[in-house]
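Note on naming: letters A, B, ... go to the chains in the order of the sequence lines (proteins, then strands), and numbering restarts at 1 for each one.
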Amino acid sequence: MIPGRKPAPPVKVKSLQCRACGAPIEIRSGPRAQVIVCAYCDTSMDAQDPTFKILWQYQQQIKFEPLIPIGARGTLRGELLECIGYMRRTVTVEGIDYTWSEYLLYNPFKGYRWLTEFSGHWSFVKECFALPVGPNGMVGVNPPDTAVNYMGLSCKHFQSAEARVTYCIGEFYWHVEKNQRNRVHDYVSPPYVLSAEESADEITWSLGEYVTAKELWDGFKLKTAPPAAVGVAPNQPNPLGNSRILWRNFGLFTALAFLITLFFTMFCPSREVFSKSFQYYANEKEKAQVTENFKITGRPCNVEIDISSSLYNRWAMFNMALINADTFTAVDFGQEVSYYHGVEGGESWTEGDRNSSAVVGQVSSGTYFLRVDPESGTGNSPDTFNPQNPAPGPEVFSYTVKVYRDVTQWLYFWLVVGVLLPLPIIQSIRSASFENRRWMESDHPPVSNSSED
Amino acid sequence: MERFYDYFGYGLLSLLFGAHLFGWSFLDKDVIPNVPKDVRDNPGSYRSVYRTHTTWWGGK
């Protein structure tokens, strides 16, 4: 306290009685209050008049209980606020009434704030400090600009309609009355909604931000349950997030996967460590072959075994064993090839492939050899040795076995891309569906009704 | 969702790096210890588990 100065008197709530019904009324916003509407008899009184003269009197047919009671105090976004007024406003679109609630909040140091509620969706609204600008400078409201910019926030036009006051209680800083009409224009950039209210002589701009009912109920410490949110609000943040972020990250991961694979292609190039050709004879008693030793050096790596054959109109199964010459441990696997060719209806056709490759993973350094045991045939059964005629017969086909080490598998890159891809796609579809539902309620629905054309 | 996708993506990249570095493979294989040592001189002394093919692919 400054010495010699009297302490400021405590802020008092001025009390009076309703001029019509005698019910007690409190003026919470002091001299700023213009109109007080009695919550009991709906009589509107002039708060600026020393005698609180009655402005209008009518019985509102239906009483609405505000979800946040008049006089309730709470903290919202760091501001201590008191609910001093409640009103309901209605717009009629294509013969259907849409009504929302507005709560007037007051703090003697911060001024007025609003809370709006429609279908369980809430927005915390403040008056704008600056005038928004349209694409051509001044904002046009008749017809409304398709987009406006408020202090760097770009908002798209959502809806314009004539709103009328259908219910009000409490005190207000302007002369509110039932059936008072204003044209309102909403521009959105979730979680924000920029609203313009047109009256006869001015346009008032306000900026609302989407708030959850939980935040409100926690802030005002309300004991009741909040109404469930229904549908999608114009400024409701998309809960599915921004699919563009996922697509950006998909691009990033794809680029990194490409670079990783390219790195191994360039700095760990594949090397041929063995190659040999063999012939297949249908009547050979022992068709299995064993190769010479070959060395695999360096870190454990993959080994690709390629088979290329001159197979024609038959199949072949190569039973392979990569055998460590030191430990005599074998890695067994099979490689299948089949190749058919013919002419049908004057058209040549082919089916299958003469070549095959298999990749054996994590092969340690050491000396190895291959055991190749081919089986082949033209029908269901493989060729079998005929002991009555032990000659191997003519060569049926030849095949070459090549062994490479450290073969970069581009298949893995494509697998990574394939696994990463579905999530952004699904997210985009779901996010677009959410936005579709949002804009269906606007003046700019994504899909126009054909009957309107 | 974005955070999950980040973890998912970096996890996949780690797998990709590991697959390239350690030479991982999807090949359906069997590791057989103690192959007969005379397999080089007598290839028939050891038969692969994949032997005896019974399926015919056919063709048109």
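- The contact list for residues 265-274 of chain A toward chain B, using heavy atoms and a distance under 4.5 Å, is empty.
- Among B:Leu15, B:Asn34, B:Val39, the residue with the largest count of heavy-atom pairs under 4.5 Å with chain A is B:Val39.
- The number of heavy atoms from other shown groups lying within 6.0 Å of CZ (A:Arg244) does not exceed 12.
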When the side chains of residues 300-309 of chain A are checked against the rest of the protein, which donor-acceptor pairs come out under 3.5 Å, sequence neighbours left out?
unit_1	atom_1	unit_2	atom_2	d
A:Asn302	OD1	A:Asp406	N	3.4
A:Asn302	OD1	A:Val407	N	2.8
A:Asn302	ND2	A:Val407	O	2.9
A:Ser309	OG	A:Leu311	N	3.4
A:Ser309	OG	A:Arg354	O	2.7

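- The most heavy-atom pairs under 4.5 Å with chain B, out of A:His341, A:Gln289, A:Gln427, come from A:Gln427.
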Which atom pairs, donor and acceptor, lie under 3.5 Å between side-chain atoms of residues 254-264 of chain A and protein residues at least two apart or in another chain?
unit_1	atom_1	unit_2	atom_2	d
A:Thr254	OG1	A:Phe250	O	2.7
A:Thr261	OG1	A:Ala257	O	2.8
A:Thr261	OG1	B:His20	NE2	3.2

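- The shortest non-hydrogen separation linking A:Thr329 to B:Val35 is C-CG2, 4.5 Å.
- The CD atom of A:Gln409 sits 9.5 Å away from atom CZ of B:Phe26, with the distance rounded to the nearest 0.5 Å.
- When every heavy atom of B:Pro43 is checked against every heavy atom of A:Arg371, the shortest pair comes out as O-NE, 2.7 Å.
- One N or O on the side chain of B:Arg40 and one on the backbone of A:Thr291 form a donor-acceptor pair closer than 3.5 Å.
- With a 6.0 Å radius and a threshold of 12 heavy atoms from other residues, nucleotides or ligands, A:Trp414 has its CH2 atom at or below the threshold.
- Counting heavy atoms of neighbouring residues, nucleotides and ligands inside a 6.0 Å radius, atom CD of A:Glu347 does not exceed 12 of them.
- Heavy-atom neighbours of A:Lys276 NZ from other residues, nucleotides or ligands within 6.0 Å: above the threshold of 12.
- Checked against the 6.0 Å centroid threshold, B:Phe8 and A:Phe253 do not count as a close aromatic pair.
- Looking at A:Ile245, only its side chain comes within 4.5 Å of chain B, counting heavy atoms on both sides.
- Contacts of A:Leu415 with chain B are made by side-chain atoms alone, with heavy-atom separations under 4.5 Å and no backbone atom involved.
- Contact of B:Tyr10 with chain A is made through backbone and side chain together, with heavy-atom distances under 4.5 Å.
- For B:Asp41, no part lies under 4.5 angstrom from a heavy atom of chain A.
- Nearest approach of A:Tyr412 to B:Leu16, heavy atoms of both residues: CB-CD1, 3.5 Å.
- Between the CD1 atom in A:Ile323 and the CD1 atom in B:Ile32 there is a gap of 10.5 Å [rounded to 0.5 Å].
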Result block: side-chain N/O donor-acceptor pairs under 3.5 angstrom for residues 357-370 of chain A, not counting sequence neighbours:
unit_1	atom_1	unit_2	atom_2	d
A:Thr367	OG1	A:Lys295	NZ	3.2
A:Tyr368	OH	A:Ser364	O	2.8

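- Looking only at side-chain heavy atoms (C-beta outward), A:Pro424 and B:Tyr5 come within less than 4.5 Å of each other.
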